[in-house]
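Structure first, commentary second.
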Amino acid sequence: MRLKNNAFRESHMEKYYVTTAIDYANAPPHIGHAYEKIAADIIARYQRLTGKKVFFLTGTDEHGSKVEKAALAAGFESPLAFVDETSSKFKEAWRRLLISNDDFIRTTEERHKKVVQEVFRRMRAKGDVYKGKYAGLYCDGCEDYLRETDLVDGKCPNHQRPPQHSEEENYFFRLTKYKEPLRAWLQEAECHVKPDGRRREVINQLDDPELGDFSITRSRKSLTWGIPVPDDPDHVIYVWVDALTNYITGVGFQSDEEAWNTFWPADLHLIGKDITKFHAIYWPAMLMSADLPLPKLVFGHGFITVEGQKMSKSLGNVLDPVYLAETYGPDAIRYFLFAANTFDQDGDFSRADMVATVNKHLAMGVGNLLNRVVKLLDTHFEGTVPAVSIEQGVLDALEKDTAEFRTFMDEFEFAKAIRSIFEIVDKGNKLLSEREPWKLLKEGKLEEGGQVLVTAMTMLKRIAILLSPITPRLCAGIWDQLGFDSNIESVIFRSSEFTDPILAGQKIRNKGRVFEKLDELTENPAPVPTA
Ligand code: MSP
């Protein structure tokens, strides 16, 4: 197992294991999927910055009736050929959006099949699995069992279509046995489900007497596209039991002891608010049954709409992240999504707002600051940092803004964390406009002018490091122009590279604008093609 920051060798380091939901491979990715993967990436990059050894897992959920039907509808003979194609689109999208995942798991992989069957065996050996008759409603959009009371006008409220009635022999999982320990876990002082509103919602679901044992298999007669039940090939394992297990397969359960012992339990399962029940009830109950430790935190983020509307194929407003990354560059998308939205609430993506925001903050705010500083250093100091000292007050303010940034990042309050960075950007621009180093230098006041420039450089160095989890490409560009030879991704908070002052003699590299202003594009975004 190789990690992005190559930190695996250092055994004394604290670890951080972050996962995303694995996306259904029934259609290509859209911006809602991208929102979550970028968030997890921001968290992974930030945790690397804190010096932890990080493992970041994402992937695709490839079994079940929803995927099987999509494969047939797309004219594929085998669902596998279909998911091969779809999952590669997810991989490609994450590459373009600079997602730094350490592994990409596909639930059709052999390594995963073995683990799912092992979990099934463990639950059965515990006496938690029994055969029974299932008669009820199933929505394959949700891949979930519904009750009459869940329906609105006879339809699944999430998928606007009537569920199927299904009646078959299934294996059931004894969820009721775990209701009490689950309640205790959900009420522990160290919160395991966030935001708190979601935690309360889950406790209410658990308290509902109608939440009983649930079916964890489908008869092979109704579904073939799944992992067979060990010793009973007439049944396949329910897609949610299969999918949730990815979190332990991906971190080496029964295949890589070192990785498993290092990284499990997960520090964070990042998921959308719609799938909290599966992660905060079903999954911990399965782990209790299999005698495995529970994740530390499940965080349910809000949903993204596009130009104020829910995405849907019929509206033709499903946004393709590859198209967006190609058109605007990955930093613009990443920045806007998290500067403009509150992570634990619903948010929106609007192209005009994105263009206006990134032009103002990144091109004008950060880009101009860098541009002015390197140009003046070039003209008046032949691109070489002069020997000056930085006022203690400036350094103290940097530490204060950094501490604030870290507090917000630790709570996944990305928009507020970004605002803390812009405290520094604003101070930098104010410094230049108030002290007017160009005038000082013209008047021959080299020491005073140089001091202003190196102060602004010191601020830019901090801005580049703090902003790097959010806009990695832009920050690598700033780092380069400031004259650092190292890779910005190797910087950690406690390293001397983070704390050292910028040394006299360092050569800056004036390469022009680090972030080009975006145009107000008028053409309509290309909708996601159907797979
Ligand atoms: N396959 C299941 C997850 C299994 S995890 C063991 C699934 N897949 S999904 O493709 O429907 O959704 C994947 C993730 O994207 C989920 O966390 C979901 O909440 C999130 N989102 C889907 N649409 C979204 C938005 N419009 N906005 C933000 N996140 C959204 O559920």
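Ligands are counted one by one from 1 in listed order, and the atoms in each one are counted from 1 as well.
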- Task: Let me know which of L57, T60, I22 forms a side chain to side chain contact (heavy atoms under 4.5 Å, CB included) with F104.
- Result: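 That would be T60.
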- T305: partners by side-chain hydrogen bond (donor to acceptor under 3.5 Å, both in side chains), with sequence neighbours left out: D348
- Message: Under a 4.0 Å threshold between the charged nitrogen and the carboxylate oxygen, would R48 count as salt-bridged to D102?
- Response: yes
- Message: Closer than 4.0 angstrom, basic N to acidic O: yes or no for R147 and E210?
- Response: yes
What does the contact table look like for ligand 1 (nitrogen or oxygen on each side, cut-off under 3.5 Å)?
unit_1	atom_1	unit_2	atom_2	d
ligand 1	1 (N)	I22	O	2.8
ligand 1	1 (N)	D61	OD2	2.7
ligand 1	10 (O)	Y24	N	3.1
ligand 1	10 (O)	H33	NE2	3.1
ligand 1	17 (O)	E36	OE1	2.6
ligand 1	17 (O)	G272	N	2.8
ligand 1	19 (O)	G272	N	3.4
ligand 1	19 (O)	D274	OD1	2.6
ligand 1	26 (N)	I304	O	3.1
ligand 1	27 (N)	I304	N	2.9
ligand 1	29 (N)	G32	O	3.4

- Message: Which residue in the set K221, K133, K131, R218 passes salt bridge (charged side-chain N to carboxylate O under 4.0 Å, His left out) when paired with E168?
- Response: R218
- Task: May I ask you to check whether F343 and Y35 place their ring centres under 6.0 Å from each other?
- Result: yes
